**Q** 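Handing you a structure now.
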Amino acid sequence: MRNIKNFIILLTLISTAFTACTDLETEEFDSIISETETGDFTGNPAELLASAYGLVHEGVTHHERAYSFNEHSSDELIPPTRGTDWDDAGKWRALHQHTWDSDHPHNLPTWNNLNQGSFICNQVLAVNPSPQQAAEARFLRAFYMFNIMDLWGVVPFREVNDGAEIDPTVFSREEAFNFIIDDLEAALPNLPVNGPSANNIYGNRAAANALLAKLYLNKAVYLAENPAGPYSFEVADMNKVVEYADAVTEDGYSLSDDYFKIFSRSADQEVMWASDDGTIENRWRMTLHYDNNPDGWNGFATLSEFYDKFEENDSRRGGSGTSGLGQGFLLGQQYNEQGQEIINSRSNQPLSFTREVPLNGAASDQGIRVVKYHPDSALNYVMLRYADVMLMKAEAIFRGATGGDALTIVNELRTNRGVPALASLSEDAILDERGRELYWEGWRRMDQIRFGTFNDAWHEKEVTEPYTVLLPIPRQAIDTNPNFTQNPGY
Amino acid sequence: MKNFLLLLTMLAFIPLGNVMAQNRTVSGQVKDASTGETLPGVNILEVGTNNGVTTDLDGNYKLSVGEGASLRFSFIGYKEQTIAVNGRSVIDLQMAEDIAQLSEVVVVGYGQIEARDATGAVQSIKSEDFNVGVISSPEELFQGKSAGVQITQSSGEPGASTNIRIRGTSSVRANNNPLYVVDGVPLSGTDVSGGGNDVGFGSSTSRNPLNFLNPNDIESIDILKDASATAIYGSRGANGVILITTKSGKSGGGLSYSYSLSASTITKKYDLLEAEEFLEASPGATDGGASTDWQDVIFRTGITQSHNLSYSGNLENGDFRVSFGYMDQEGIVEQSGLERYTTRFNGNKRFFNDKLKLSTQLTLSNVRDQNSLITNNSGFEGDLLGAALKLNPTFPVRNPDGTFYQVGTEQLNPAAMLAYTDDNTNTIRGLGNFSAEYEFFEGFNFKTVLGFDQSFSSRKAAYSRDLVAANIDSLGRAFFSDIEINNTLWENYFTYKKELSESINFDALLGYSYQQFNNRSKLIIGQNFRTSDTDIMINNLGAIDYTNGGFLVGNTTYETDELQSYFARVNLGIADKYLLTATFRADGSSKFGGNNKYGYFPSLAGAWRLSDEDFIPEAFTNLKLRAGFGVTGNQEIPHNIYTIRSRYGLPAFSEGGIDNNGRFDAVAFQNPNIQWETTTQYNLGIDYGFLNNRLTGSVDLYRKVTSDLLFRFNSAQPAANPFIWENLDADVINQGVEFSLNAILVDNSDFGWVFNGNIGYNKNRVENLSTVVNTGQVNGQGLTGAFAQRIANDRPLFSYYMLEFEGFNEEGLSVYANEDQQVYTGKSPLPNINTGLSNSFTYKDFSLSIFFNGQFGQYIYNNTANAYFTAGSLNSGRNVREDIVTNGEASSNAPAVSTRFLENGSFLRLQNLSLGYNINTSDMDFIKSIRVFGSAQNVFVITDYSGQDPEVNTDKSIDGVPSFGIDYTPYPRARTFTVGLDVQF
């Protein structure tokens, strides 16, 4: 009898002891699941859109991201190694000399962040955004994809519900170009119409028009058989540039009365899009000396050849001044707020920036520094502005479009900036004018490629192979997606 | 929980077992045959019944027996004896030690076995073999004591985190450590206390989560190395399992007290330039007019005291032990240390004729860490140590007016760093279990275990605005980092043990386990304070200057995970010669994706006791051949990495204030296939014993293949986040051989000498990897984005990948081979050989032990030298090592990551030297024994490495991919002298 009782108890015990406690589905307490029951992506379009805007700095304007490929590889910026400073395993020298490979430390993070930005825009579009939110998402997606297409040629694309097991499709440069154009055209009707303001931090009609002008101006480059050229600029495309540029003007934009005001919180004429993402500090710290006030990281300088492209009275050149931090190009002795000479604590000598700077082994005071955003007045980072649009229009007309006189447009700008009018236009003249107007704003690589000078030789840079007009696709991107083939030359 | 209540209710109805007629009382005393000492804890059983008792503290017993009964006396390590009562009422007995029995017991998962029956590679280290001295975490107790177990403390900081690699490194994630099981409760691998927040000096690693255990409470540490032993722990067994058993009252005891006092000093300072030499070598440098040895400013002699009090005893049908421990350890860097309070209670009690056994083991501890400003990845400005190495030696500590001499954020004054920072962590942790075991019929038991592990840790740090340092000067910053852990365990299992026939022994286990892990964390950062007083900053947070850009930002997390498992084991012994063990575990984890919720982990092992065969010569006291195979897993991955979900991030801020809201970012991506990492291991071993076991040991060969590597890898873009956890289609292979030898060289009555040595050889290699992954971040000026290690196919993990340095040219610039391209150097930070060698001598009442430990074949990347000891650094007004002045380097030379700073890290260390003396207490009534001892730890180290110490592993991970073997201004290692005494009352 007892045995039976024992047995029953035992059986109950066994079944109890082994009854599963859990189905292993745990609750999320500190994160929001963005998947519906049916596996579709879900979320709040406003939050997602804010996240997408939040990658502009980490994708584009940060000095170790797209900015470094667009500026350090060009003829207007040199990143010297100063003794033990800024060696960074040669990554800056590689940028200047076009000797990067697919493992360049800036390559993968730039790629990741730009693509992440474009993907979050896909997510915005998938979660019932308002028409304006959808239009902004399309504008931003176009902006991120434009950067990817411009830097690497190809652009990957992932549908919003595709999981980790799906390999993203890869758009060719032409497919990407058409996709971006379609996005911007689709966005235009629902984008807000904003006049010029330093606080234009969201997508708007004028910004989209400016971006469209940029795309059509460079279309010949993007669709060229060989990305390094030759390029054939179609008149129809150039007319498009003029059309979009004029659309920007119609929204109330004009050339700024004061050049450096554009880069301040009181900008009120030129800025169609500015980003409040990240900190603008980065722009002066990356160039200023340790002993400047505010102190910098003692990094980048401009080339003396580039500095020499400016005329004496060019308001865009600026200068060191004699009290406190100057603006524009800082050459010669630096002064503190009290007007006293700043002493270089590394050498115990007065801090005076010199014209010439070698790429390697530079002293701490060599090289002309460039301050476009002044610590006293800077607010947002200018992404698109009117003078660029006007120069694009002039160039398009110069390349065959109708709708005005290129020389007149260029001279209007020059007069505004305090330099005499030009008598005639040439490719070189336009490229130089773009340099003087847009230096250190992140457009130089694109411009030099379009004008065919990117592979030329300049200070501390030899003639480089044409394939460097495109960056190598990051190794890890190729390793994680079989749909890629590496760009030629790498 | 509902299930548990049901179970308890049922336990209450369990029949009270057989009651037998008993009509004679036998009593007596049991002594050791050779020493004559009484033996407590001897099991006495009336043969053929369940009627039994154990001897008390004085070796006495009393038992009622039936007519014609025989008593079986058994005690581990002694020869069993069966004696017929024959009408006697007093039976005194002397028991002889049984050397041949290899009496050692090893704890394995869910039970214990005698070593002679073990089929897997397992090793038990008993408390008497532990390292002595200042021991802040349990790993230090057995460093060097087991073949194939590499223990590397990340630095010399009190309670620093420890890397343990059992049979090589097999994973590429932050946590590669084995699973720890304390008295049957598996601990989670997460950090218990907060790491250092980066306020501009770099971030720092959390302290060792095991510091809460008082080493004095530990009875034995058992290491399960091969998969046949660890497979019972399934998805957590791949890195090996370390079972910690705490002391109970079983072995008798009474009251005991121990005290120790230690003094620690730095073993090696850097030979830096003195003031005069510095000015001569760097004529452009500022002359501050003083002469300061900045290393002396931050280092000190650290005094450590520890008290341990315990009381234990045998009760009727049970035993207990309570203990209290206190340790106050001063670090050798000013303002660093560890203070620990622990209490522990272990109790066992048997009821109903020993059919029901209730046990509990509880520990409560409070660890207070004082943290110094020593970090893993400071920039060129340096952390506390970096600042002390590089600051101009002509600078005075203070200005004439008594304030600190602080000239700029680039030239941090270490004394000011000490004075103006305050950083303490307080961790309270409770770990315990309660178990009930019932014997339904002979050999058939059921056991239920409830365990818990709860901790609360709070780190509070403030950096005063008076400190001239970037982001702090004129602002002040504070952070608060809390971690709260609440883990529970419920386990049920049946065991059955039976002699199936004369020659077949059967032993089986079947169980269920449920474990829940809850983890909360909180980080708050405040900047810009109205006060410079660090106490007020921490304790009166309202002091933030909110109207002038001051702010408080923060973020919190709360994650919960579950693990549900079924497990089984069968042991079969045939003819006492052939042993077979099979185990199986099914682990279901909430960390795995929907397609792979359960992992299955089998193992099989066999052993052949050759020494019991006739054809083996008598010279072999023991000879056993073992072979095993098993599959284990690893699931140390973050919570839920398979559902697409997002979190609000910490806001971005800078000196001026908050810049942007934290992005609402995806933290995970759809990934339903994510699963455990799989390690398949084969083991072949021999246990041997010669000359009546005066010479014993083992040899093991193994091959470990880890596949489906859990890897935080780049997402195929575009994706919601840049990284995704994947089971990477690559293998990490570790294979090697382990050898251990224990030799009783002299065993006279007055003099004894025992040699104990182990050596392990391991070879590590990555296969089938189709990409490369960089890690080993190198910090310093001009080293942004630099790295030293690459994980690549057909190479060992963490292979050094860098420029090959050939010397300086005539201009003093570095010349590199291979056209200035980085190359695989063929060197790796993983040692091939680990060894531990100890000699123990006894002479009368003296005992002396000398313990060496060594690692060979590994290379260290000296990031400290790369960042600080270059001509360019000297030229920038920073102090350097003396040899830099004459090494031919030009001041304009950029010190890229290269083999110039890659050094052989092989070393042999005299780790422990201890001398003890047992004072004769025969004429003291109330004292049983007194032992006094002195010990020295880290007496000397033989190495070619130029850095502070070759045993170093600063965390230099990149994007979550760990590094190994890089030296970057780690907390230096100390030499420690200890005196102490143990008294038994």
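Letters go in sequence order (proteins before strands), and every chain restarts at 1. Small disclaimer: the values here were computed from a predicted structure and weren't measured.
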**Q** Any idea which heavy atoms bring B:Arg645 and A:Asp30 closest together, and the distance?
**A** NH1-OD1, 4.2 Å
**Q** Which bit of B:Ser513 comes within less than 4.5 Å of chain A, counting heavy atoms only: side chain, backbone, both or neither?
**A**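 For B:Ser513, neither part sits under 4.5 Å from chain A.
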**Q** Is the closest side-chain heavy-atom distance between B:Lys597 and A:Asp23 below 4.5 Å?
**A**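 The answer is no, as the side chains (C-beta and beyond) never meet within the 4.5 Å cut-off.
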**Q** Do the non-hydrogen side-chain atoms of B:Glu655 and A:Thr279 ever get within less than 4.5 Å of each other?
**A** no
**Q** B:Ser654 versus A:Glu281: any side-chain heavy-atom pair under 4.5 Å?
**A**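 Touching, per the 4.5 Å side-chain cut-off.
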**Q** Measure across B:Ala894 and A:Gly83 and return the closest heavy-atom pair with its distance rounded to 0.1 Å.
**A**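 Taking every non-hydrogen atom into account, CB-O, 3.5 Å.
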**Q** Side chain from CB out, backbone as N, CA, C, O: work out which of these in B:Ser715 comes under 4.5 Å of a heavy atom of chain A, or both, or neither.
**A** backbone
**Q** Please flag which part of A:Val160 lies under 4.5 Å from any non-hydrogen atom of chain B: side chain, backbone, both or neither.
**A** backbone
**Q** Is the backbone of A:Ala164 close enough, under 3.5 Å, to the side chain of B:Asn671 for a donor and an acceptor to pair up by distance?
**A** no
**Q** Check whether B:Tyr648 gets within reach of chain A through its side chain, its backbone, both or neither, counting any heavy atom under 4.5 Å.
**A**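 It is the side chain, since no backbone atom gets that close.
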**Q** Tell me, side chain or backbone of B:Leu813 under 4.5 Å from chain A's heavy atoms, or both, or neither?
**A** neither
**Q** Is there side-chain contact between B:Glu410 and A:Tyr290, with at least one heavy-atom pair below 4.5 Å?
**A**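 They are in contact (side-chain heavy atoms under 4.5 Å apart), so the answer is yes.
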**Q** A:Asn481 and B:Ala716: which non-hydrogen atoms are nearest, and at how many Å?
**A**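 Closest approach of A:Asn481 to B:Ala716, heavy atoms only: CB-CB, 4.5 Å.
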**Q** Return the option, out of B:Gln717, B:Gln516, B:Arg520, with the maximum number of heavy-atom pairs under 4.5 Å with chain A.
**A**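 Counting heavy-atom pairs under 4.5 Å, the top option is B:Gln717.
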**Q** Just give me the residue among A:Pro168, A:Pro105, A:Gly361 that pairs up with chain B most often, heavy atom to heavy atom, under 4.5 Å.
**A** A:Pro168
**Q** For chain A, which candidate among B:Asn673, B:Asn875, B:Asn721 shows the most heavy-atom pairs at distances under 4.5 Å?
**A** B:Asn721
**Q** So which residue, A:Thr480, A:Ile33, A:Asn161, A:Ile32, ends up with the most heavy-atom pairs under 4.5 Å with chain B?
**A** A:Ile32
**Q** Sort B:Tyr566 into side chain, backbone, both or neither according to what part of it lies under 4.5 angstrom from a heavy atom of chain A.
**A**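 When you check distances to chain A, only side chain atoms of B:Tyr566 fall under 4.5 Å.
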**Q** Around atom CG of B:Asn661, are there more than 12 heavy atoms of other residues, nucleotides or ligands at under 6.0 Å?
**A** no
**Q** Given the options B:Ala896, B:Gly649, B:Pro722, B:Gly284, which has more heavy-atom pairs under 4.5 Å with chain A than any of the others?
**A** B:Pro722
**Q** Given that the side chain runs from C-beta out, which part of B:Phe494 has a heavy atom under 4.5 Å from chain A: side chain, backbone, both or neither?
**A**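 For B:Phe494, the contact with chain A is made by the side chain alone.
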**Q** Is it the case that over 12 heavy atoms from other parts of the model lie below 6.0 angstrom from the CG atom of A:Asn483?
**A** yes
**Q** If we ignore angles and hydrogens, is there a donor and acceptor under 3.5 Å between the side chains of B:Glu562 and A:Thr26?
**A**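 Looking only at side-chain atoms, A:Thr26 and B:Glu562 do not form any donor-acceptor pair under 3.5 Å.
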**Q** Indicate the atoms forming the closest heavy-atom contact of B:Gln670 with A:Asp162, along with that distance.
**A**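 Looking at all heavy atoms of both residues, the shortest contact is OE1-O, 4.0 Å.
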**Q** Among A:Lys91, A:Gln123, A:Glu35, A:Glu27, which residue has the highest count of heavy-atom pairs closer than 4.5 Å to chain B?
**A**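 Counting heavy-atom pairs under 4.5 Å, the top option is A:Glu35.
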**Q** Measuring from atom CH2 of A:Trp86 to atom OG1 of B:Thr784, what distance do you get when rounded to the nearest 0.5 angstrom?
**A** 6.5 Å
**Q** Name every donor-acceptor pair, under 3.5 Å, that has one atom in a side chain of residues 48-59 of chain A and the other anywhere in the protein, sequence neighbours excluded.
**A**
from    : atom 1 : to       : atom 2 : distance (Å)
A:Ser51 : OG     : A:Glu47  : O      : 3.4
A:Ser51 : OG     : B:Phe664 : N      : 3.3
A:Ser51 : OG     : B:Phe664 : O      : 2.5
A:Tyr53 : OH     : A:Glu136 : OE1    : 2.4
A:Tyr53 : OH     : A:Gly203 : N      : 2.7
A:His57 : ND1    : A:Thr61  : OG1    : 3.1
A:Glu58 : OE1    : A:Arg65  : NH2    : 3.4

**Q** Quick one: which of B:Ala285, B:Pro895, B:Ala719 has the most heavy-atom pairs under 4.5 Å with chain A, could you say?
**A**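 Option with the greatest count: B:Ala719.
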**Q** Is the backbone N or O of B:Leu783 less than 3.5 Å from a side-chain atom of A:Asp88, with the two atoms forming a donor-acceptor pair by type?
**A**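 Yes; judged by distance alone, with no hydrogens or angles, the pair exists.
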**Q** So which of B:Ile644, B:Thr771, B:Asp659 has the largest heavy-atom pair count under 4.5 angstrom toward chain A?
**A**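 Sorted descending by pairs with chain A, the first entry is B:Ile644.
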**Q** Top residue by heavy-atom pair count (under 4.5 Å) with chain A, among B:Ala470, B:Ser646, B:Gly780, B:Ser770?
**A**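 Most heavy-atom pairs within the cutoff with chain A belong to B:Ser646.
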**Q** Let me know if A:Pro156 has heavy atoms under 4.5 Å from chain B in its side chain, its backbone, both or neither.
**A** both
**Q** Should the pair A:Phe119 and B:Phe669 be assigned to parallel (<30°), tilted (30 to 60°) or perpendicular (>60°) ring geometry?
**A**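 A:Phe119 and B:Phe669: perpendicular rings.
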**Q** Can you tell which part of B:Phe444 gets under 4.5 Å to a heavy atom of chain A, answering side chain, backbone, both or neither?
**A**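 The side chain, not the backbone.
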**Q** Would you mind checking which part of A:Tyr144 comes under 4.5 Å of any heavy atom in chain B, side chain (CB onward), backbone (N, CA, C, O), both or neither?
**A**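 Contact with chain B: none, neither part.
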**Q** Using non-hydrogen atoms only, which part of B:Phe713 is less than 4.5 Å away from chain A: side chain, backbone, both, or neither?
**A** side chain
**Q** Taking the side chain as C-beta and beyond, is there a heavy-atom pair between A:Asn112 and B:Asn714 under 4.5 Å?
**A**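 Yes, side chains in contact.
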**Q** For B:Asn640 and A:Glu28, run side-chain hydrogen bond (donor to acceptor under 3.5 Å, both in side chains): C-alpha distance rounded to whole Å, both residues' side-chain angles, the deciding distance at 0.1 Å, then the answer.
**A** CA-CA 9 Å; B:Asn640 190 346; A:Glu28 291 308 318; 2.9 Å; yes
**Q** Would you mind checking which part of A:Thr81 comes under 4.5 Å of any heavy atom in chain B, side chain (CB onward), backbone (N, CA, C, O), both or neither?
**A**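 Side chain only.
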**Q** Would you say that B:Phe592 contacts A:Leu24 through its side chain, given a criterion of any heavy-atom pair below 4.5 Å between the two side chains?
**A**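 Not in contact.
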**Q** Quick one: CG on A:Asp101 to CD on B:Gln822, what's the gap to the nearest 0.5 Å?
**A** 8.5 Å
**Q** Given that the side chain runs from C-beta out, which part of A:Leu114 has a heavy atom under 4.5 Å from chain B: side chain, backbone, both or neither?
**A**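 For A:Leu114, neither part sits under 4.5 Å from chain B.
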**Q** Any ion pair linking A:Asp103 and B:Arg790 (charged N to carboxylate O, less than 4.0 Å)?
**A** yes
**Q** Identify the two heavy atoms, one from A:Gln476 and one from B:Val772, that lie closest to each other, and give their separation to 0.1 Å.
**A**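 Closest heavy-atom pair between A:Gln476 and B:Val772: NE2-O, 3.8 Å.
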**Q** Below 4.5 Å from any heavy atom of chain A, which atoms of B:Ala652 appear? Answer side chain, backbone, both or neither.
**A**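 No part of B:Ala652 comes within 4.5 Å of chain A.
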**Q** Evaluate the side-chain proximity of B:Pro718 to A:Gln116: yes if any heavy-atom separation is below 4.5 Å, no if none is.
**A** no
